[in-house]
Protein chains: 2
Amino acid sequence: MARQARTPEAREARVKAIMAAALDQFSKVGFEAARLDDIAQAAGVAKGTIYLYFESKERLLEGLVASTISAPLEALEHSVAASTAPASELLRQYGAFMAQGAQNADRRRVMHLVFSEGARFPAIAQFHHREVISRGAALIRAIIAKGRASGEFVHDEPERFPQLVIAPALVAAVWLHVFDPIEKLDAPALISAHIDMLLRALKGG
Amino acid sequence: MARQARTPEAREARVKAIMAAALDQFSKVGFEAARLDDIAQAAGVAKGTIYLYFESKERLLEGLVASTISAPLEALEHSVAASTAPASELLRQYGAFMAQGAQNADRRRVMHLVFSEGARFPAIAQFHHREVISRGAALIRAIIAKGRASGEFVHDEPERFPQLVIAPALVAAVWLHVFDPIEKLDAPALISAHIDMLLRALKGG
DNA sequence: CCGATAGATGACCGCGAAGTCATTTTTTTG
DNA sequence: CAAAAAAATGACTTCGCGGTCATCTATCGG
């Protein structure tokens with residue numbers, strides 16, 4: 001078998017290949033049922049090689065979730081902090097962000113993994129909560145607060161429950177994994193309709 | 001060990017005990033990681049006994065999900081069909097139904113099981129879709145259509161996407177399983193706030 | 001060009017769990 | 001009450017997978 005040069009880039013590429021193959025398998029059959037042999041084969045390495053980079057199957061799962069750094073979320077945070085646009089526009093941007101997430105199979109798969117296995121692996125639940133959920137919630141609260149300060153919004157439910165804003169994105173992630181063969185779902189249209197209702201509800205008397 | 005009399009009731013009680021223990025384990029550690037020995041012990045039977053009632057671990061999962069007949073949903077269907085109350089009142093009833101579901105650990109656990117394992121076990125995804133999701137969706141569509149016919153509601157997003165109504169209930173089920181140790185969630189308050197927003201959004205100009 | 005070192009490999013080991021079945025216990029029946 | 005039938009048991013078998021490590025290969029320093 002042809003071997004790679006041992007540059008740092010090759011090392012990184014190998015780690016990425018392993019994590020990509022692992023996400024594939026974990027997502028397809030679940031963490032427990034996934035076999036390291038299959039992951040190794042899909043990544044184009046021997047099983048032993050995985051253990052040069054990850055000390056156990058569980059750490060592979062954790063590393064995989066932790067490597068999903070939410071660059072798009074960070075971009076949105078900066079955009080919102082810098083923007084002078086009305087809050088309703090910022091909320092639409094947030095909707096677009098969620099719609100993009102719903103279209104991205106890898107992001108959906110990581111979300112679904114966290115929801116499926118998070119109770120058993122506190123490390124991934126905590127990481128996801130800290131890096132994704134709490135940041136998303138803070139962003140939502142900031143947008144709603146801004147809209148209320150400017151008089152654009154007259155209600156505040158999502159400030160108390162930011163989950164009300166992201167709920168349809170979670171539904172989309174679950175639905176596309178579990179029920180899509182039975183009934184298709186147009187996730188961006190779902191999220192768009194949700195944002196429309198949200199804006200009316202926040203403005204409405 | 002004391003043995004049970006072999007009446008039909010005892011047989012049924014035994015099946016129920018097995019399924020209850022199985023739900024407990026499946027929900028706690030996941031289907032793959034759950035051990036039949038533990039389920040048997042928790043149910044107070046020997047492992048072999050499980051195979052007198054279920055032909056495999058997988059069939060036990062399927063039987064368990066299928067046995068969760070949604071009596072409350074049926075009651076709500078009848079209530080809505082018979083009621084002359086305004087649509088907004090029916091939607092509040094639907095919210096109360098979801099809040100009850102969110103408070104019931106067994107219903108939450110079955111939902112979470114379906115969302116976690118449904119992709120791997122089409123039988124449970126199909127059953128849940130047919131018996132719970134499609135019926136819930138039909139109910140939502142009927143309520144919205146009634147409200148629009150009477151002029152109470154002037155918007156129709158949930159008729160196209162009934163998921164917009166149930167999304168927070170799904171969020172609550174997932175949250176209570178995965179993130180509750182990290183951040184508590186008052187599920188009934190979440191759902192109540194959601195229904196408030198929903199009604200404003202449906203009525204609002 | 002040749003050790004030496006770090007990286008990669010995959011055959012192998014041990015364990016643990018799904019599923020089986022000979023045996024034991026309980027119930028039924030004549 | 002005895003014998004036959006049915007139900008329940010749990011020790012045992014089988015097998016698949018996580019994890020290990022002796023061996024092999026590629027790179028590099030001198």
Side-chain angles (χ1 to χ4, degrees), chain A residues 1-64 113 117 120-121 123-124, chain B residues 1-64 113 117 120-121 123-124:
Chain A
M1 189 180 294
R3 301 273 156 60
Q4 303 284 338
R6 292 184 194 168
T7 62
E9 300 82 46
R11 183 190 160 91
E12 196 181 339
R14 186 156 279 193
V15 170
K16 274 190 179 164
I18 292 169
M19 293 199 303
L23 175 56
D24 220 57
Q25 288 295 313
F26 290 165
S27 169
K28 198 175 291 171
V29 305
F31 174 79
E32 279 286 341
R35 291 180 291 138
L36 264 318
D37 282 300
D38 289 349
I39 292 170
Q41 190 174 2
V45 300
K47 183 164 65 166
T49 305
I50 295 179
Y51 284 86
L52 297 177
Y53 299 101
F54 301 93
E55 75 181 27
S56 67
K57 188 184 178 186
E58 187 171 335
R59 287 298 175 88
L60 173 54
L61 171 65
E62 295 174 7
L64 164 59
L113 253 188
E117 317 280 359
R120 284 229 296 145
F121 302 101
I124 73 174
Chain B
M1 187 181 296
R3 300 278 155 59
Q4 303 285 336
R6 288 183 196 168
T7 63
E9 299 82 48
R11 182 191 160 91
E12 197 182 339
R14 186 156 280 194
V15 171
K16 274 190 178 163
I18 292 169
M19 293 198 302
L23 175 56
D24 219 56
Q25 288 295 312
F26 290 165
S27 170
K28 197 176 292 170
V29 304
F31 174 79
E32 280 288 339
R35 292 180 288 141
L36 263 317
D37 281 300
D38 290 350
I39 293 170
Q41 190 175 1
V45 301
K47 183 165 63 167
T49 306
I50 295 178
Y51 285 88
L52 297 176
Y53 299 101
F54 302 94
E55 75 180 27
S56 68
K57 189 184 178 185
E58 187 172 334
R59 286 300 174 88
L60 174 54
L61 171 64
E62 295 174 7
L64 164 59
L113 253 187
E117 316 280 1
R120 283 229 297 145
F121 302 101
I124 73 175

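The analysis underlying the following values was restricted to heavy atoms, covering all of them including side chains, and did not include hydrogens, waters or symmetry mates. What you see is a predicted model; the values in this text were computed from it and never measured. Just so it is clear: chains get the letters A, B, ... in the order the sequence lines come, proteins before strands, and each one is counted from 1.
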Mind calculating the distance between [atom1] ([X]) and [atom2] ([N]) to the nearest angstrom?
X: B/Leu61; N: C/dA18; atom1: CG; atom2: P; value: 13 Å
X: B/Glu32; N: C/dG16; atom1: CD; atom2: P; value: 17 Å
X: A/Asp37; N: D/dG16; atom1: CG; atom2: C1'; value: 10 Å
X: A/Ile39; N: D/dG18; atom1: CD1; atom2: P; value: 8 Å
X: B/Asp38; N: C/dA18; atom1: CG; atom2: C1'; value: 13 Å
X: B/Ile18; N: C/dA18; atom1: CD1; atom2: C1'; value: 16 Å
X: A/Arg59; N: D/dG19; atom1: CZ; atom2: P; value: 11 Å
X: B/Leu52; N: D/dT9; atom1: CG; atom2: P; value: 8 Å

Per [X] side chain, nearest of listed nucleotides [options]:
X: B/Lys57; options: C/dG19, D/dA8, D/dC17; result: C/dG19
X: B/Ala46; options: C/dA8, D/dG10, D/dT20; result: D/dG10
X: B/Leu36; options: D/dC17, D/dG18, C/dA18; result: C/dA18
X: A/Ser56; options: D/dT9, C/dA8, D/dG19; result: D/dG19

| message | Which is more 5' along DNA chain D, the nucleotide nearest A/Phe31 or the one nearest A/Gly48? Just name the residue. | response |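 The 5'-side residue here is A/Phe31.
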
| Smallest separation among heavy atoms of B/Tyr51 and B/Ser56, with atom names |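 That would be CE2-CA, 4.1 Å.
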
| field | Nearest heavy-atom neighbours spanning B/Ile39 and B/Ala21 | value |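 Smallest interatomic distance, heavy atoms only, reads O-CB, 3.5 Å.
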
Under 3.5 Å: donor-acceptor pair, side chain of [X], backbone of [Y]:
X: B/Gln25; Y: B/Asp38; value: no
X: B/Lys57; Y: B/Phe31; value: yes
X: B/Arg120; Y: A/Val29; value: yes

| Base, sugar-phosphate, or nothing for A/Ala34, non-hydrogen atoms under 4.0 angstrom? |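 Answer is sugar-phosphate: A/Ala34 comes under 4.0 Å of backbone atoms only.
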
| task | Could you tell me whether B/Lys47 contacts a base, only the sugar-phosphate backbone, or nothing, with contacts defined as non-hydrogen atoms closer than 4.0 Å? | result |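 The answer is base, as B/Lys47 lies within the cut-off (heavy atoms under 4.0 Å) of a base atom.
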
| message | Check the phosphate of D/dA8 against B/Arg14, side-chain N and O only, distance under 4.0 Å to OP1 or OP2. Yes or no? | response |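 Yes, B/Arg14 has a side-chain N/O under 4.0 Å of OP1/OP2 on D/dA8.
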
| field | side-chain N/O B/Tyr53 vs D/dA8 OP1/OP2, d < 4.0 Å | value |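 Yes, within the criterion.
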
